[in-house]
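Chain letters run A, B, ... following the sequence lines, proteins first, then strands; residues in each count from 1.
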Amino acid sequence: MEPEFNNSNNINIHIDDFDGPLELLLHLIKQSEMDIYDIQIEKITRQYVEYLTEMKNLNVNIAGEYFVMASNLMAIKSKLLLPRNDEINEDDDYEDPRDELVNQLLIYQEYKEVSKVLKKMETKTSQYHSVDPVLPSVDEMIDFNDNEKFSIDLIQQAFDRIIDKIKSNEPYVHSVIEWEYTVKEQSTYVMDRLSKQKSVEFDSLFDKTSNVEFVVTTFLSLLELVKEQKVKVGQVDDKLYLEKIVKQGEE
Amino acid sequence: MVSKLAQLESLIYISGEDGITYDSLSSLMELSTSELDALMNQLRDSFQEEDSPFTLMEYSDKVQLATKEELNDLIKGYLQSDESISLTQTALETLTIIAYNQPITRVEVDDIRGVNSSKTVQRLLRQSLIATSGYKKVPGHPKLYTTTDNFLKLFGIKSLNELPKIDNEILLQEEENGGTTTEDNG
Amino acid sequence: MVSKLAQLESLIYISGEDGITYDSLSSLMELSTSELDALMNQLRDSFQEEDSPFTLMEYSDKVQLATKEELNDLIKGYLQSDESISLTQTALETLTIIAYNQPITRVEVDDIRGVNSSKTVQRLLRQSLIATSGYKKVPGHPKLYTTTDNFLKLFGIKSLNELPKIDNEILLQEEENGGTTTEDNG
């Protein structure tokens, strides 16, 4: 694949430096000098997936949300590829498949901008210095203690608070997961299935044991294969079928 | 002899970085609200003088003593370790989203950021920059988060009204999308 | 603008209850001993005024800020009020952890609380609610802290045996999770 954009620019930026998939997308959009209201989904999706692949090749742990965004982008791309019915072409009701993502990016960008202002406010405030409150001596505190302000209950309460905090800090459900499958592997898997059968039902690519990662990655690989014109997808009744595109000169 | 002004300054001084409420000042000094106001103005004026190292930080219903901005370099020379809270970009963004949408659930924050925020929310809770304030009446009863007085202090503002204005049009879109629901935020 | 006098006062203020040495003042403000002496006299004079709440406590090589004696009753009123958190929640939590796990190092306290406790430990030491009792025999030989008789007195108990019984299982878990090790605590 020809390098359509300079990979090294991005590879120098570790995925941990991004605050999530939205920031990574904003970075790519800005770098490509695209209009956020008119994102070239195909180009940006390619850059996004390439970046994730490069990071993955560097054995970097990538949060699941990044892959969810990848599949989201693919889905938008495929919606854009769908032929639009000419009759409703000029209809006001037409919804751009990119709208939701654009909104999400705009909102996120807005908060990002405001947080920069807040950062400046924080920096200014940090130039003011205060000292700890002046403390009564322990003798004075004992003197004050005629109203039993310092009953032993305070210790019990403090202990309960500590336990609460420890519990609330217990490891939450892992958000960073190692992606077990790659788009490349799943492409091979799909092509392999298609080499044995002329036509494969989409659902049959998965069985009960397939986990979400498997399904998402396989779906991504399928979109890639369609893009590369290696596979075509057709619909009969409610079912989707895949077929291998045989180019002239092959087989 | 000490004047009323000295009394006022001493109480603010003693309360240190915790600050002291105007209510406490009134009752300890046996002053009406307007008398206290007048005295506070007098104190502000006296701090304007170049011989005074102090300034007042006011937030929520509290006031606290701090050194003037111009003294920062000198004081940093004395304080070798900077123990001030330093916020990561992630923490800052999460805090911003909570500030503008409070009360807000963690999942609603996640929706805006596009990424899981639970670790960051935990850290902000420990730093007392946010606090829980009840539960949202939706299935699962998730906790609602709001910012604290410490938050105001960190950014040097008296109230949430002093937060930078945000693009209303975008905020409106956000509400339509159902990403967040706010009860007291226009 | 701030004057030299304000600079001097700010440094003494910021040194808090530790105080600051004349040597430090000279070098931070780039003043000769005699220049500093002159400035110190000017500061003493300004503190004489009835509008100033301050006085200087001077030791052989150190100086620290204090409030004038006449203000004692007023300040005592504040310290006794409910608003004055003579022991902050942070201090109480730190004290509780030390009470149940003594002797314990500061790092072990940090592990349980999940935040740095050095400032709080310093304050509790100054208040004589905890004391150091030797060093832990691990690399770095960190100090070990125990509670004092003052601690017992403040909370109105005769011995540590009277501390509220706590769920041992939780404490055990806590120790596993927090990576704390205690030597003489079951």
Taking atom NZ as the centre, does K143(C) end up with more than 12 heavy-atom neighbours from other residues, nucleotides or ligands that are less than 6.0 angstrom away? no
Closest non-hydrogen atom pair, Y78(B) against S15(C): OH-CB, 3.2 Å
Residues in residues 20-46 of chain C near chain B [non-hydrogen atoms, under 4.5 Å]: I20(C), L28(C), M29(C)
In terms of relative ring orientation, are Y13(C) and F54(B) parallel, tilted or perpendicular, with 30° and 60° separating the classes? perpendicular
Under the side-chain contact (heavy atoms from CB on, under 4.5 Å) rule, what do V2(C) and E50(B) come out as? Steps first, then yes or no, please. CA-CA 4 Å; V2(C) 286; E50(B) 63 164 28; 5.7 Å; no
To the nearest 0.5 Å, how far apart are CG in L74(C) and OG in S10(B)? 5.0 Å
If you count heavy-atom pairs within less than 4.5 Å of chain B, which of G16(C), G77(C), P53(C) leads? P53(C)
Could you measure the distance from the CG atom of L5(B) to the CD atom of E49(C)? Nearest 0.5 Å is fine. 11.0 Å
Taking atom OG of S52(C) and atom CD of E9(B), what is their separation to the nearest 0.5 Å? 6.5 Å
Output for pair (Q7(C) CD, E70(B) CD), nearest 0.5 Å, gives 10.0 Å
Here the pair of heavy atoms bringing R113(C) nearest to R126(B) is O-CD, 4.1 Å
Taking everything shown except D149(C) itself, do over 12 heavy atoms lie less than 6.0 Å from its CG? no
If you count heavy-atom pairs within less than 4.5 Å of chain C, which of I75(B), L8(B), L65(B), L71(B) leads? L71(B)
So, taking the atom named OG1 in T67(B) and the one named CD1 in I14(C), what distance separates them when rounded to the nearest 0.5 Å? 4.5 Å
